[in-house]
Each structure stands twice: as C-alpha cells, then as structure tokens.
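Below is one structure, written out as structure tokens, with a few remarks after it.
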Amino acid sequence: MKMGEVELSCLAYAKMYLHASQFPRSSVNGLLLSSSPAGAAVCITDCVPLLHSHLSLAPITQLALTQVDVWCSQTQQRIVGYYQANACVSDSSPTPCALKIAEKIFEQCNNAVLLMIDGEKMFPGCRVPPIVMYERKDARWALKDKHTIMLRQWEETCSIVNQLFSSGDQTLLVDFDSHLDDITKDWTNQKLNAKIMELISPANGNV
Amino acid sequence: MSSISELYDVTWEEMRDKLRKWREENFRNSEQIVDVGEELINEHASKLGDDIWIIYEQVMIAALDCSRDDLAWSCLQELKRQFPDSHRVKRLAGMRLEALERYEDANKLYDSILQDDPTNTAARKRKISILRAQGKSSEAIRELNEYLEHYAKAAFCLEELMMTNPHNHLYCEQYGEVKYTQGGLENLELARKYFAQALKLNNRNMRALFGLYMSASHVAASPKVSAKVKKDNVKYAAWAASQISRAYQMAGRGKKENKCSVKAVEEMLESMQITMS
C-alpha cells in the first residue's frame with residue numbers, strides 16, 4: 001500500500017454500518033482501530049461502536065476513549081480514526097464534536113482519519129460505499145481523495161452485511177452506550193466479530 | 001555566572017522534578033522556571049526524553065512573563081517543529097503575540113483555531129483575555145456568555161425536568177454530565193453531587209457511578225482545593241471505584257467474552273489511582 005492510502009476492512013465497515021442502522025434516529029459514533037504497525041498507509045482492521053446519545057457530553061466519551069485505549073494496548077491495536085453518522089441524513093458534515101475527538105486522536109496518530117457515514121447512500125443496492133473520509137492536511141481536516149480509499153471486495157462486503165440482516169445477527173452489535181445500560185453486554189463484540197469472520201471468505205485475506 | 005546546579009547543588013533530575021512539581025501545582029514563579037528550565041534545556045535536553053516537550057511549553061510561558069522573547073521564541077520553534085499542526089502550539093504562538101501586544105495577529109491565530117474546532121476552550125479564553133487586556137471588559141463578558149449559552153441552555157432544560165420529575169435518576173445523571181462538560185471546579189463539584197443523587201435514586205446507574213468516580217477524581221486532583229476537600233473526594237472516588245469493580249466482577253462471572261471489558265476497567269481504575277495520589 002502506498003503513502004496516504006487507507007484500507008477499510010470488511011469487519012470494520014460491517015460493524016459501522018450495523019451501528020448506524022441500529023439507531024436510525026440518532027447520531028452514532030465510534031473509533032476506528034488498526035492491528036497493523038504504524039506506517040505511511042492506514043489499515044483500518046476493526047472498529048468500536050461508542051455512543052448513540054448525547055455525543056457531545058464529555059464524561060462518557062472520555063470514559064470510552066480511556067477504556068478502548070486500555071483494550072487496544074492489551075490486544076496490540078491502535079486507535080487510528082473516528083467515525084460518525086449524523087441523525088440528520090442529509091447532512092454528513094463533521095460536527096464540532098467529531099472534529100474535537102478526531103483532533104485528539106490525531107495527537108497520537110499522525111495519519112488519523114475522520115470518517116463520516118453518508119446516510120443518504122445507505123440503501124440496499126447502492127453501488128457506492130456510503131462514506132466520506134477526511135484527513136489532516138495543512139492544519140485542517142480536508143476531504144480525502146476517493147481513489148486513496150480501498151474497500152477490498154466491496155461486493156462481498158455488501159453481501160455479508162445483507163446476510164447479517166437476514167439472519168437477524170445485526171442485533172448482536174453492542175455499543176459502549178448499550179454496555180453502560182447493561183454491563184454484561186460486551187462492547188468488544190467478540191461474538192459478532194466471530195460471526196462476521198465466518199462469513200468472510202478465505203480468499204479475502206482479511207483474516 | 002554559575003549555573004543553577006552549581007549554586008544550589010542539585011542534579012538535573014532534581015531540577016526536572018522541581019519543574020514538574022511547579023507544573024502540577026500551577027505555580028507562576030516564572031523567574032525560577034526560566035532559570036531552571038533554561039539550564040535543563042541547554043545542558044540536559046537529551047536526557048529528558050518525551051518530557052522535553054511539556055518543559056518547552058512551561059518554559060516558554062514563563063519566558064513570556066519575564067520578557068525573555070529570545071527564549072520564548074526558541075522554545076516555540078522546537079515545539080512547532082515537533083508538532084507542526086497542533087492547536088495547542090498555535091495557542092502558544094498566540095500567547096507570544098499577545099505578550100508583544102500584537103493583538104490583531106493573535107486574534108487571527110485564535111480565530112483560525114476556532115474555525116477548525118469551534119469548541120476549543122483555550123482559544124476562546126485567550127480571545128477573552130485580549131479583550132480584557134484592551135480594557136474592553138463588557139465585550140469580554142458578552143463573548144464568554146455566548147460560549148456558555150450552549151451548555152447553559154441544556155442545563156436549564158434539565159433543571160426544569162428535574163423539578164417536575166424529582167425521582168427520575170436519568171435527568172439527574174444527565175445534568176451531572178452537562179455540568180461535567182461545562183468544566184471548572186465548581187461545575188465538577190456540582191456534577192459529583194448530581195451523580196451521587198442519581199445513584200441514590202438508582203444505585204445501578206453505571207453512568208452515574210462512572211460520573212461520580214471521574215468528577216470526584218478530578219476535584220481531588222485539583223491544586224485549588226483544600227486538604228479536607230481533597231480527602232473527601234478521594235474517599236468518594238475510592239468508593240465509586242470499588243462499586244464499579246464489584247459490578248464488573250459480578251457481570252464478568254462465567255462469561256468469557258466479558259473478560260476484556262472487565263480487565264479494561266480494572267486497568268483504567270488502577271492507572272487513575274496513580275495520578276491521583
């Protein structure tokens with residue numbers, strides 16, 4: 001992979017999509033993780049869904065960031081980005097809260113990305129991934145060139161997401177907010193991860 | 001002229017630790033900071049590791065206080081080189097412009113930060129300081145109020161809800177979150193009280209429990225509180241931590257996949273303990 005390229009794994013994409021779908025009337029957000037070593041390119045291999053309410057209130061966000069940080073150091077992952085889907089589908093621009101959190105992540109990771117989910121493109125049969133990515137350039141968050149964003153096996157990814165919906169497995173997704181409502185729920189989503197990995201074909205190389 | 005280390009017979013480690021103490025306790029003894037800091041930077045930079053960046057920041061601000069623009073400039077250059085896109089460094093550059101009374105240039109810098117991050121409190125505070133320095137206090141007050149309005153509105157709505165629904169632990173907890181977000185010592189103490197109240201109404205509200213833990217920890221760690229207040233808040237935080245621990249132990253029992261979240265919480269509580277003591 002070349003400098004400035006970003007690869008988004010099927011696992012990360014699927015969970016983000018599921019998260020946004022689970023709370024269609026709220027804004028949702030989460031963190032993007034990588035299990036690859038730091039380099040010129042960014043490989044987003046997983047994500048952690050965080051909130052679906054009061055995104056701009058500090059305490060729970062701080063708590064979640066701290067816990068994910070700890071978990072990452074235990075599992076050799078790094079936080080490499082942030083995603084958000086706005087409640088208002090027609091507006092996919094980053095909110096001040098999104099910029100603030102992305103800025104914090106950028107302090108620790110100099111090729112961090114900010115990903116906004118484009119609600120208007122989230123319908124079955126849409127040919128284009130419903131995402132808009134920003135990167136840090138000249139002290140601002142600038143739109144990333146679409147050609148530097150890789151979603152390998154896009155068709156397969158779409159089909160996997162559809163399978164999750166048809167089997168009802170999309171309800172397995174737990175975000176940090178839900179975890180706080182019931183702490184027996186696992187925000188690292190081990191169960192759902194396993195299901196998704198099962199569906200990913202061996203040829204994908206996303207193992 | 002003899003060095004600090006010679007004059008006071010101290011090692012570079014002692015000098016570094018003194019700087020840290022002054023940082024943590026928010027001392028404004030700028031002349032001392034400049035003396036100690038300048039020698040540390042000039043003679044022992046390579047030994048300081050990553051501490052050097054926060055020392056550059058501390059020394060730079062002290063240098064501005066002492067009209068040592070030469071020193072302030074060189075610290076700023078080092079920070080700019082290491083953190084080229086940082087808002088925090090930009091703010092320092094703004095402070096230097098303020099010291100040189102180049103208020104328009106400073107404001108331009110702060111405005112560019114706010115364009116990127118409209119919630120950047122530090123930049124807003126600097127803009128307000130400039131207004132005060134220029135003797136425009138009523139404008140300063142107006143700017144401050146505008147910024148606070150957003151969260152003050154949220155607080156106001158919740159106050160109404162709490163009055164009409166006194167047994168609803170969720171409103172109490174949310175109010176605590178708004179106060180915590182507004183920040184500042186008074187708001188943190190208020191936040192802690194509302195989290196505690198939410199817990200009285202529902203002792204299983206995890207958000208309130210974490211909120212209590214975090215607000216009490218922050219209050220205890222503040223250099224502005226009395227020893228008694230610090231002691232009380234350490235107690236509250238410790239209580240909350242034990243409750244959190246217990247809740248997670250019970251939740252994690254028998255469920256393999258919960259081990260990760262349980263471990264993460266334990267580590268987090270441990271690490272926060274260290275910073276508080």
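Convention: sequence-line order gives letters A, B, ...; per-chain numbering from 1.
Interface remark: of the candidates B:Asp116, B:Asn205, B:Leu209, B:Asp116 forms the most heavy-atom pairs closer than 4.5 Å to chain A. Per-residue counts of heavy-atom pairs under 4.5 Å with chain B were compared for A:Ala58, A:Pro59, A:Cys97; the largest is that of A:Pro59. Contact count versus chain B (heavy atoms, under 4.5 Å) is highest, among A:Asn189, A:Asp177, A:Asn110, A:Asp182, for A:Asp177. Each of B:Met206, B:Arg207, B:Arg204, B:Lys90 has some count of heavy-atom pairs under 4.5 Å with chain A, and the biggest count is that of B:Arg207.
At a 4.5 Å heavy-atom cutoff, A:Asp69 makes no contact with chain B through either its backbone or its side chain. When heavy atoms are compared at a cutoff of 4.5 Å, B:Ala191 does not approach chain A at all. Interface residue A:Leu63: backbone and side-chain heavy atoms are both found under 4.5 Å from chain B.
B:Gln243 and B:Arg246 form a side-chain donor-acceptor contact under 3.5 Å, judged by distance and modelled atom types alone. For A:Asp175 and A:Ser178, the side-chain atoms include at least one donor-acceptor pair closer than 3.5 Å.
Here the side chains of B:Leu161 and B:Asn168 are not in contact, with every heavy-atom distance at 4.5 Å or above. Within the 4.5 Å cutoff, side-chain heavy atoms of B:Tyr180 are placed close to those of B:Leu188. When side chains are defined from C-beta on, A:Arg136 counts as touching A:Trp141, because their heavy atoms get closer than 4.5 Å. Within the 4.5 Å cutoff, no side-chain heavy atoms of A:His54 are placed close to those of A:Thr61.
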